[in-house]
Amino acid sequence: MASAGPHAASTQPPLPSGPAVFKTVPYAFILPEIFCGTWVWILVAATSVSSPLLQGWVMYVSLSSCLISLVLLLSYLFGFHRNSDNWKVLDSLYHGTTAILYMSAAVLQANATINSEFGPNSPLYYQLNSAASFFAFVTTFLYILHAFSIYYH
């Protein structure tokens, strides 16, 4: 029997880099996360922000998550991970934590939507807040999918 030794091939697939990032689950979720998250903060910024404390948190979570996800995507595209298993842990921790933060932001945005229903400029701001709530929950779902897909990939 031959021993596995330190030079044995790894059973886990290598981390993608370059265009393969867009074809590999869960890394293919990064671009939709950025896209949907960008819509959240654009739509919230287009309203009058009637609840600064609530929607300020939504803006903070969505904007910082978009920027960090963009940096992570660029890191995968340029191969900065060098196929290290530590990147899988970093990716999983980031997406798991962000999913929790985004869930809180989505719930607060839904509350702001309900509060904007009967305010000034009601139809327009209500529709913008409703769309922001929708994208916040979709983005939350994408982050959850990404976090759990790493374990099953």
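Residues take their numbers from the sequence shown, with the count starting at 1.
Interatomic distance, Tyr27 OH to Lys88 NZ, rounded to the nearest 0.5 Å: 5.0 Å. Between the CG atom in Leu90 and the OH atom in Tyr94 there is a gap of 10.0 Å [rounded to 0.5 Å]. We find the CG-CD1 distance between Leu73 and Ile30 to be 5.5 Å, quoted to the nearest 0.5 Å. Interatomic distance, Phe135 CZ to Tyr102 OH, rounded to the nearest 0.5 Å: 11.0 Å. In this structure, the separation between CD on Glu117 and OH on Tyr126 is 4.5 Å, given to the nearest 0.5 Å.
Its side chain within the 4.5 Å cluster rule, Leu93 clusters with Val89 among the Ile, Leu, Val, Met, Phe, Trp and Tyr residues. Under a 4.5 Å side-chain heavy-atom cut-off, the cluster of Ile, Leu, Val, Met, Phe, Trp and Tyr residues that includes Val107 is completed by Met103, Phe137.
No single ILVMFWY cluster, assembled from side-chain heavy atoms under 4.5 Å apart, contains both Leu53 and Leu101.
In this structure, the side chain of Thr140 does not engage the main chain of Ala99 through any donor-acceptor pair within 3.5 Å. Side-chain atoms of Thr24 do not come within 3.5 Å of backbone N or O of Val21 as any donor-acceptor pair.
Ser75 meets the side chain to side chain contact (heavy atoms under 4.5 Å, CB included) test with Val71, Phe80, Trp87; sequence neighbours excluded. Phe29 meets the side chain to side chain contact (heavy atoms under 4.5 Å, CB included) test with Val25, Pro26, Glu33, Leu142, Leu145, His146, Ser149; sequence neighbours excluded. Applying the side chain to side chain contact (heavy atoms under 4.5 Å, CB included) test to Leu128 and every residue at least two apart in sequence or in another chain returns Leu43, Ala46, Thr47, Leu124, Tyr125.
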Contacts under 3.5 angstrom, residues 59-68 side chains, donor-acceptor by atom type, not counting sequence neighbours:
from: Ser62; atom 1: OG; to: Val58; atom 2: O; distance (Å): 2.9
from: Ser62; atom 1: OG; to: Met59; atom 2: O; distance (Å): 3.2
from: Ser64; atom 1: OG; to: Tyr60; atom 2: O; distance (Å): 2.7
from: Ser64; atom 1: OG; to: Val61; atom 2: O; distance (Å): 3.4
from: Ser65; atom 1: OG; to: Val61; atom 2: O; distance (Å): 2.6

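When side chains are defined from C-beta on, Gln109 counts as touching Val44, because their heavy atoms get closer than 4.5 Å.
Between Thr139 and Gly37, the closest heavy-atom pair is OG1-N, 3.5 Å. Heavy atoms only, all atoms of each residue included: Val138 and Cys36 are closest at CG1-SG, 3.8 Å. Heavy-atom minimum distance, Ala112 versus Asn129: O-ND2, 4.2 Å. Here the closest non-hydrogen pair linking Ala132 and Val40 is O-CG2, 3.9 Å. Contact record, Tyr143 with Ser69: OH-OG, 2.8 Å, taken as the closest heavy-atom pair.
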- Message: Run the side-chain hydrogen bond (donor to acceptor under 3.5 Å, both in side chains) test on Thr113 and Ser133 for me, step by step, so that the C-alpha distance in whole Å, both residues' side-chain angles and the decisive distance to 0.1 Å come before the verdict.
- Response: CA-CA 7 Å; Thr113 301; Ser133 296; 2.8 Å; yes
- Message: Is there a side-chain contact (heavy atoms from CB on, under 4.5 Å) between Asp91 and His81? Walk through the geometry before answering.
- Response: CA-CA 11 Å; Asp91 193 303; His81 54 73; over 6 Å; no
